[in-house]
Amino acid sequence: MMVCEYKPGLEGIPAAQSSISHVDGQKGILEYRGIRIEELAEKSTFLETAYLLIWGELPSKEELEAFEHEVRYHRRIKYRIRDMMKCFPESGHPMDALQASAAALGLFYSLRDLHNPAYIRDSVVRLIATIPTMVAAFQLMRKGNDPVKPRDDLDYSANFLYMLNEREPDPLAAKIFDICLILHVEHTMNASTFSARVTASTLTDPYAVVASAVGTLGGPLHGGANEEVIQMLEEIGSVENVRPYVEDLLQRKAKIMGFGHRVYKVKDPRATILQTLAEQLFDKFGADKYYEIAQEMERVVAEKLSGKGIYPNVDFYSGLVYRKMGIPTDLFTPIFAIARVAGWLAHWKEQLAENRIFRPTQIYNGKHEIPYLPIDQR
Ligand code: CMC
C-alpha cells in the first residue's frame, strides 16, 4: 500500500472529488457550482441556492416553485420531537439541542432507501424545512414559552425570524438574513462537511449525517467561532482597548477568533459581504459600537498578521449582523447550521453517487510486544 506523508489536520490532502463549490484562497474567490457568491448574494435566495448546490443547476421557475412549496409544507415538527425538546435543560447549548433533535428525526424515517431519488428528495426537503423550526422551538421553550407554528404565508427566512421572535420581521432584516444563509450554505471540504461525508460513506441515514455534521460545526475552531467573536468584542469594550488586547493574545500565542483560515490567505469574500450587510443594518436601525471595535481590530490584526495571511473570516462580521437583529449569541452557530445543512446534503448526495467508505490509515507510534502486567505488580 502506498503511504503518503502525514499531514496534521490533513492539510492539502484531497478527501473527495467534488463539483459543488470551489475556493481560490489566494484571490479570495468562492463559487457554488461555478457561480460567484457575490452574484448569488445579490440575485438569488437561500432556497434557490440550496437547490443549485444539491441538484447541480439553477432551477427553472416551476422547479423552484415546487421546491419552495414542498419546503413550506414540511416546516412543522412532530409533537413527539417538540415534547422531547421540552425535556432538554434550558441551560444546554442550542447546538446540542439541534444535534439531538436532528438525530431524533431519523427515528421517524428509519426506512433507508438510498437508491431512490424520491427518498433523497423527501429527506432533503424535510431536513431543510424542519431544522429552522427546531432551532426556533428550542429558543422559545428554553424561555418557558410554547413554540410558535410556522406561517405558510412567509418565505423561508422571514418565517424563521417570525418563529424566533414571535413577530413578523422587518423586510430588510429578513432579506439580509436570507443573504447570510446563502453565504454560509457551503464551503468545500471544511470539518463539518468532511464529517458529513465520512458518515454518509457508511450508508447510514441522512439524519445521522446531519447530526454528525452539527456536532462538528459547534466547535470554536469551526462554526462556534462566531459566538466567541461577539464575546471577545464585548470583553474588549472600547476602541482604545483593541491594540493591547490583540498584543496580549499574540504574546500568549492564543488564536484571535474570527481571523485566519486554512484556505484563504486574503480576506474571506464572505466577510466582505457580511460587513456591507452589517452596515446596511446599522444605517437603518442605528450604529453599534462593537462595529467600530471590530473595524479597529481588523486594522490592528492586519498590521500584525497580514504577513501570515491572517485576515477576517466568515465568522468575524456575521455575529454583528445577527446581534443587530436581536438574535441571542448562542444561536449564531445553529443559524450557521440552518444554512449549512443544504451544503451537507449536497455532499451526502454526491458521496452516495460514487461511494467508497472512508477508511484512512494512521502512523502507529506506540509500543509493541509489551507483556501484560498483573494488576498487583503495576
Ligand atoms: N489568530 C492568531 N494567529 C493565528 C490565527 C488567529 N486566528 N489563525 C492562524 N494563526 C497563526 C498560527 O498561530 C500559526 O502561526 P505560526 O505558523 O507562527 O505558528 C499560523 O497562523 C497557522 O495557523 P494554524 O493554526 O496552523 O492554521 P490552521 O489552518 O490549522 O487553522 C483556523 C485555521 C481557522 C482553525 C485558525 O486560523 C483559527 O483557529 N482561527 C480562529 C478560529 C476561527 O475564527 N475559526 C473560524 C474559521 S472560518 C469558518 C469555519 O470554518 O467555520
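For clarity, every value in this text was computed on a predicted model and none was experimentally measured. Both counts, for ligands and for their atoms, begin at 1 and track the order of listing.
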Practice item. Mind checking ring pair (Phe, Tyr, Trp, His ring centres under 6.0 Å) for Tyr372 and listing every partner two or more places apart, or none if nothing turns up? Key: none

Heavy-atom nearest neighbour of [atom] within options [options]:
atom	options	answer
atom 44 (O) of ligand 1	Pro8, Gly9, Gly258	Gly258
atom 49 (C) of ligand 1	Leu305, Val263, Asp315	Asp315
atom 43 (C) of ligand 1	Ala254, Ser192, Ala225	Ala225
atom 12 (C) of ligand 1	Lys253, His184, His222, Lys255	Lys255
atom 30 (O) of ligand 1	Arg340, Lys304, Arg262	Arg262

Review point. Between Thr188 and Ser21, is a side-chain hydrogen bond (donor to acceptor under 3.5 Å, both in side chains) present by the stated rule, with each step listed?
Key: CA-CA 6 Å; Thr188 72; Ser21 65; 5.0 Å; no

Does a salt bridge link [X] with [Y], judged by any charged N lying under 4.0 Å from a carboxylate O?
X	Y	value
Lys61	Glu48	no
Lys265	Asp24	no
Lys267	Glu298	yes
Asp288	Arg323	yes

Would you please classify the geometry between the [Y] ring and the [X] ring as parallel, tilted or perpendicular, with 30° and 60° separating the classes?
X	Y	value
Phe358	Phe194	perpendicular
Tyr364	His368	perpendicular
Phe67	Trp55	perpendicular

Review point. Counting only non-hydrogen atoms of the protein, does one fall under 4.0 Å from atom 52 (O) of ligand 1?
Key: yes

Check your understanding: Less than 4.0 Å between atom 46 (C) of ligand 1 and some protein heavy atom, yes or no?
Key -> yes

Exercise for review: Check each of Pro328, Ser101, Pro334 against Pro94 using the side-chain contact (heavy atoms from CB on, under 4.5 Å) test, and report the only one that passes.
Suggested key: Pro334

Distance under 4.0 Å to a non-hydrogen atom of [X]: what atoms of ligand 1 satisfy this?
X	result
Phe336	52 (O)
Leu221	39 (O), 45 (N), 46 (C), 47 (C)
Gly223	52 (O)
His261	37 (O), 48 (S)
Val314	49 (C)

Exercise for review: Compute the minimum heavy-atom distance from Phe316 to ligand 1 and say whether it is under 4.0 Å.
Suggested key: no

Practice item. May I ask you to check whether Phe259 has an N/O atom sitting below 3.5 Å from an N/O atom of ligand 1? Key: yes

Check your understanding: Do any nitrogen or oxygen atoms of Asn313 come within less than 3.5 Å of a nitrogen or oxygen of ligand 1?
Key -> yes

Review point. So which protein heavy atom does atom 21 (O) of ligand 1 come closest to, and at what separation?
Key: Ile310 CD1, 3.4 Å

